[in-house]
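Take a look at the structure below.
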Amino acid sequence: MAEGDLPRTLVLVRHGETDWNLTGRAQGHADIPLNATGRAQAAAVAPVLAGFGPVRLWTSDLARARQTAEAIASATGLTLECDARLREYDVGERSGLTLAEAAAKFPREFATSGQVPGEETTEQVRDRVVPALRDCLDGLRPGETGVAVLHGACLRVGLMGLIGWPWEHAQALTGIENGAYCVLTHHPAYDRVRLTSYNEKAVGSRHGPDFVSDGPVG
C-alpha cells in the first residue's frame, strides 16, 4: 500500500475521574484536578495509548484533562499541545451544582430545557470543538496516529461532528466513561472519518464494541 493510501488515526480520550465527577457536580470550565481514582485511570490507559504509536498529543488546558495527558506524555515521550478549544461545555452558573441543586436554583430553565446564565449551547461547543479536532486530524500524515484528551460531553459533540452524525441521534451514543477512549480513522479510499472503536477502557469490565468486526475488543 502506498504511503498516501494509509489511514490517519485520531484517538479521543476522556480525562480520569475527579471528585466532582464522583459527586455529580457540573464542572464545565472549573479547573478541578483528578482524584486518586482518576490518576490511576490515567496511569492505566497511558501504556495502552502508547501502544498505538502516537506522534502527537493534544489536550484541553483544564487540569483534569492536562493531568491525564501528562500520564500519556510520560508513556509516549510526546510533548503536550494544549488547546482551549477542547474544553468542556461552559456550564455557567450550574458550575459546582448537582443536577438536583441546579433544578432547584433554576426551575424555569429546567422546566423548559433552557440555558442557565453563562451556559454554552451545543452549537457553540460544536463550533469550537469540531474545528479543533479537524486541526488535530489534519496535523497527521498518512499512517500516523494522534491522541487528544478532552471531556465527556464535548467529546461526544466533537465525535459526532467529525463523523457527520446529526445531533438528533446523540442519545443513541452512550456517554464515554472517565479514562476511556474511542478511535477514529480517516481512510483516503472513503474520504470520511469513521468510528472504529468506542468507550474502550484499560481497566474495568465494560468495553465498547469494535465497529469494524462487531466483536468485543480490549
Side-chain angles (χ1 to χ4, degrees), residues 10 12-35 37-38 41 59-66 68 83-136 148-182 184 192-195 197-201 206 208-209 211:
L10 183 61
L12 305 183
V13 186
R14 185 184 179 193
H15 63 79
E17 184 185 272
T18 70
D19 284 343
W20 281 19
N21 285 139
L22 195 59
T23 55
R25 298 190 179 278
Q27 296 182 107
H29 288 188
D31 214 15
I32 309 302
L34 298 178
N35 61 18
T37 297
Q41 289 168 334
T59 181
S60 158
D61 61 341
L62 295 175
R64 56 195 185 273
R66 195 177 64 252
T68 303
D83 190 335
R85 294 178 297 171
L86 298 176
R87 286 185 173 198
E88 183 58 287
Y89 276 73
D90 187 341
V91 296
E93 294 184 19
R94 283 202 302 118
S95 182
L97 303 179
T98 65
L99 190 62
E101 290 169 346
K105 184 173 182 179
F106 303 104
R108 180 175 59 83
E109 288 82 357
F110 269 67
T112 61
S113 299
Q115 307 297 122
V116 307
E119 187 173 16
E120 277 187 298
T121 65
T122 293
E123 290 75 16
Q124 289 172 320
V125 174
R126 183 185 60 212
D127 287 348
R128 63 174 169 83
V129 174
V130 174
L133 294 179
R134 284 189 178 133
D135 286 346
C136 293
V149 183
L150 58 169
H151 309 263
C154 73
L155 188 155
R156 182 161 62 170
V157 171
L159 182 152
M160 292 185 68
L162 276 182
I163 63 180
W165 285 2
W167 185 246
E168 290 75 15
H169 296 170
Q171 295 307 311
L173 194 63
T174 186
I176 193 165
E177 298 171 62
N178 287 112
Y181 63 92
C182 58
L184 301 171
R192 67 179 303 168
V193 178
R194 308 177 78 187
L195 179 60
S197 190
Y198 186 76
N199 204 31
E200 294 296 332
K201 296 181 70 179
R206 285 181 288 175
F211 293 114

Report yes if some heavy atom in the side chain of [X] is under 4.5 Å from a heavy atom in the side chain of [Y]; otherwise report no.
{"X": "Thr59", "Y": "Leu86", "result": "no"}
{"X": "Glu119", "Y": "Glu109", "result": "no"}
{"X": "Leu162", "Y": "Arg134", "result": "yes"}
{"X": "Asp135", "Y": "Arg85", "result": "yes"}
{"X": "Asp83", "Y": "Cys136", "result": "no"}
{"X": "Asn21", "Y": "Arg14", "result": "yes"}

Could you measure the distance from the [atom1] atom of [X] to the [atom2] atom of [Y]? Nearest 0.5 Å is fine.
{"X": "Trp20", "Y": "Thr98", "atom1": "CH2", "atom2": "OG1", "value": "11.5 Å"}
{"X": "Leu10", "Y": "Leu159", "atom1": "CG", "atom2": "CG", "value": "9.5 Å"}
{"X": "Leu184", "Y": "Leu195", "atom1": "CG", "atom2": "CG", "value": "6.0 Å"}
{"X": "Glu120", "Y": "Arg87", "atom1": "CD", "atom2": "CZ", "value": "10.0 Å"}
{"X": "Leu173", "Y": "Tyr198", "atom1": "CG", "atom2": "OH", "value": "3.5 Å"}

Between [X] (side chain only) and [Y] (backbone N and O only), is there a donor and an acceptor less than 3.5 Å apart?
{"X": "Gln41", "Y": "Glu17", "value": "yes"}
{"X": "Asn199", "Y": "Glu177", "value": "yes"}
{"X": "Asp31", "Y": "Ala63", "value": "yes"}
{"X": "Arg192", "Y": "Ile163", "value": "yes"}
{"X": "Asn178", "Y": "His15", "value": "yes"}
{"X": "Arg156", "Y": "Ala170", "value": "yes"}

Arg64 and Glu88 ion-paired at < 4.0 Å
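The answer is no: the pair does not qualify as a salt bridge.
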Tell me yes or no: between the side chains of Tyr181 and Ser197, is some donor less than 3.5 Å from an acceptor?
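No, Ser197 and Tyr181 have no side-chain donor paired with an acceptor closer than 3.5 Å.
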